[in-house]
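Structure, as structure tokens:
Every chain is numbered from 1, with letters handed out A, B, ... down the list of sequences.
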Protein chains: 2
Amino acid sequence: MQGWQDIQAEALRRIQRREWTPGSLIPGEAELAREFGCARATVNRALRALAEDGWLERRRRAGTRVALSPQRRAQMSVPVLRQEIEAHGYVYTHQLLHAHTMDDTLFLHTLHLSDGVPYALENREINLSEVPAAASEDWTTLSANEWLVQNAPFDHGTMIYEAIAAAPFEAANLLCAEGSPLLVLRRETFSGTGLITCVTLAYAPAHAVRLQI
Amino acid sequence: MQGWQDIQAEALRRIQRREWTPGSLIPGEAELAREFGCARATVNRALRALAEDGWLERRRRAGTRVALSPQRRAQMSVPVLRQEIEAHGYVYTHQLLHAHTMDDTLFLHTLHLSDGVPYALENREINLSEVPAAASEDWTTLSANEWLVQNAPFDHGTMIYEAIAAAPFEAANLLCAEGSPLLVLRRETFSGTGLITCVTLAYAPAHAVRLQI
DNA sequence: TAGTGGTCTAGACCACGGC
DNA sequence: CCGTGGTCTAGACCACTAG
């Protein structure tokens, strides 16, 4: 036993082997520090990491308990289509289908392709009062998907996945039958209080979103 | 300025106000500790938290830089259908449609309902050699979805979302037309090297998965 | 009110990796 | 090499809260 990661690993082992059972109180930091022959701060570091991962629940005075249902969480980033496609070894291209501006909103329709095959259809609105630089951008070389990731950092947002039936416009662009089931991602991102962009991404049929837990 | 959270907040402010620009080197821990009038460990705690959230990239010797594209990540838990449904104020029920055992695998088909309306159709396999207790469980009162969360903690796993067309079996149980687009979640969870369970969850039409970024 | 975790400090040594 | 972040220590005080 040397670093806090070793103590974390040992504690996790005890949880998984049920030496420390769900809901039960585990020894205090001081006692564990004595057992492992280290400072209390080191034990604190290890247990705090386990608590952040959902294995433990810690409360002052009440002590540390093994979580009743250790919920592992999957993490998902905002997808950058070029990276998704190139990670599979394919060539990424995109076509700007349509662009127009109304009031302070820029509307863009983009088709993303993988080795020339339709991959996803993007329908995006950009709030020009939040991102004025977007007004003078040439979307034929760099897609809005990539440009915004680099140029419009956001504080928070929402993502929604759902399944829809392909409408004629989607069917024509994604080269599938009308009514085909499509996975769709809708996303809104905000900076402070202002909406930056709002996008609907319809993936080609059979697309799957994979997450590691 | 008092605790590490204040230092974290101040650093985040400088990033968001572009006083520290993406890609640039920020002052070292020792210098910031001097500026804030605290110990280096306190600065370290604050900057480490920002790095874990993706705002900073830290490397020994190279120093700390503002991330080029501060990628916010969405977090998603393994859904517990009862909680999902009750969180919306509806009554959760479920029906065991089918169960049988072959070799060391238990096969279960379950329909989950929200206020009596079909919500999701679950097709599950449980590895009895990893979870022997599952063999003697009565699935009519507690669904496998809930039971496993409590009784079979896992180390890691994969989740896959995709869109499918409703087959006759799904259409009949989810009360929708054949061919309706359905959002489907496939999940495998493991403990150590062993597969615990593998589940396909077909949600009723128009279901959406919402994530906060 | 007493006991737990949360945090801070000052100092120290180490590991990594640009130079 | 040597400066940077990563970590550990021993001790201290504080915040919260169960009893």
Side-chain angles (χ1 to χ4, degrees), chain A residues 1-16 19-71 75, chain B residues 1-16 19-71 73:
Chain A
M1 290 307 150
Q2 305 201 345
W4 66 270
Q5 311 209 43
D6 295 302
I7 296 178
Q8 181 189 30
E10 170 60 16
L12 185 54
R13 194 191 63 77
R14 294 184 188 180
I15 295 169
Q16 291 178 337
E19 294 172 28
W20 291 344
T21 59
S24 68
L25 213 52
I26 75 171
E29 295 188 349
E31 184 177 338
L32 289 172
R34 253 176 280 125
E35 176 190 340
F36 292 119
C38 67
R40 186 170 73 92
T42 307
V43 173
N44 181 283
R45 182 85 160 82
L47 298 189
R48 178 160 34 88
L50 287 173
E52 283 169 1
D53 280 354
W55 293 102
L56 297 175
E57 286 171 4
R58 323 192 71 200
R59 273 161 42 206
R60 284 168 158 122
R61 169 68 189 174
T64 299
R65 292 176 181 279
V66 179
L68 280 174
S69 49
Q71 279 280 31
Q75 288 205 341
Chain B
M1 292 305 150
Q2 305 201 344
W4 67 269
Q5 311 209 43
D6 295 303
I7 296 178
Q8 182 190 29
E10 170 60 16
L12 185 54
R13 195 192 61 79
R14 293 185 188 179
I15 294 169
Q16 292 179 336
E19 295 172 26
W20 291 343
T21 59
S24 68
L25 213 51
I26 74 170
E29 294 188 349
E31 184 177 338
L32 290 172
R34 254 176 280 126
E35 176 190 340
F36 292 119
C38 66
R40 186 170 73 91
T42 306
V43 173
N44 181 284
R45 182 85 158 83
L47 298 188
R48 179 159 34 88
L50 287 173
E52 284 169 0
D53 280 353
W55 293 102
L56 297 175
E57 288 170 3
R58 322 192 72 199
R59 278 178 14 221
R60 285 170 158 120
R61 170 68 189 176
T64 300
R65 293 178 179 278
V66 179
L68 280 174
S69 50
Q71 279 281 30
R73 286 184 290 272

| message | I'd like to know if the side chain of A:D6 and the backbone of A:G3 have a donor-acceptor N/O pair within less than 3.5 Å. | response |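 Checked: pair present.
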| field | Heavy-atom donor-acceptor pair, A:R58 side chain to A:T64 backbone, under 3.5 Å | value |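 Here the side-chain-to-backbone pair does not exist.
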Respond yes when some side-chain nitrogen or oxygen of [X] is under 4.0 Å from OP1 or OP2 of [N], and no when none is.
X     : N      : result
B:R61 : D:dC2  : no
A:T64 : C:dG5  : yes
B:R58 : D:dT4  : no
A:R59 : D:dA18 : yes
A:N44 : C:dG5  : no
A:R60 : C:dG3  : no
B:T42 : C:dT7  : no

| query | What heavy-atom pair brings A:F36 and A:I7 nearest, and what distance separates the two atoms? | reply |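 Shortest heavy-atom contact: CE1-CG2, 3.8 Å.
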| query | Nearest heavy-atom pair of A:W4 and A:A46: which atoms, and what distance? | reply |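 Here A:W4 and A:A46 meet closest at O-CB, 3.4 Å.
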Between [N] ([atom2]) and [X] ([atom1]): distance, integer Å:
X     : N      : atom1 : atom2 : result
B:I26 : D:dT4  : CD1   : C1'   : 12 Å
B:R65 : D:dG5  : CZ    : P     : 11 Å
B:L56 : D:dT4  : CG    : C1'   : 15 Å
B:Q8  : C:dT7  : CD    : P     : 11 Å
B:R48 : D:dT4  : CZ    : C1'   : 16 Å
B:R34 : C:dT9  : CZ    : C1'   : 16 Å
B:Q5  : D:dA15 : CD    : C1'   : 13 Å
A:F36 : D:dT7  : CZ    : C1'   : 17 Å

| query | Heavy atoms under 4.0 Å, any strand shown: does B:A62 hit a base, just sugar-phosphate, or nothing? | reply |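 Counting heavy atoms under 4.0 Å across all strands, no contact is made by B:A62.
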| request: Looking at every strand, decide which applies to B:R40 at a 4.0 Å heavy-atom threshold: base, sugar-phosphate, or nothing. | output: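 Since a base atom lies under 4.0 Å of B:R40, the category is base.
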| request: Using a strict 4.0 Å threshold on nitrogen-to-oxygen distance, state whether B:E10 and B:R13 make a salt bridge. | output: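 Yes.
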| said: I'd like to know if B:E52 and A:R48 make a salt bridge, using a cut-off of under 4.0 Å between side-chain N and carboxylate O. | reply: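 Not counted as a salt bridge, because no side-chain N and carboxylate O are separated by less than 4.0 Å.
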| request: Check the pair A:I26 / A:I15 against side chain to side chain contact (heavy atoms under 4.5 Å, CB included), numbers first and verdict last. | output: CA-CA 10 Å; A:I26 75 171; A:I15 295 169; over 6 Å; no
| query | Reading DNA chain D 5' to 3', how would its secondary structure be written in dot-bracket notation, given Watson-Crick and G-U pairs with both distances under 3.5 Å, brackets [ ] for crossing pairs and | for partners on other strands? | reply | ||||||||||||||||||.
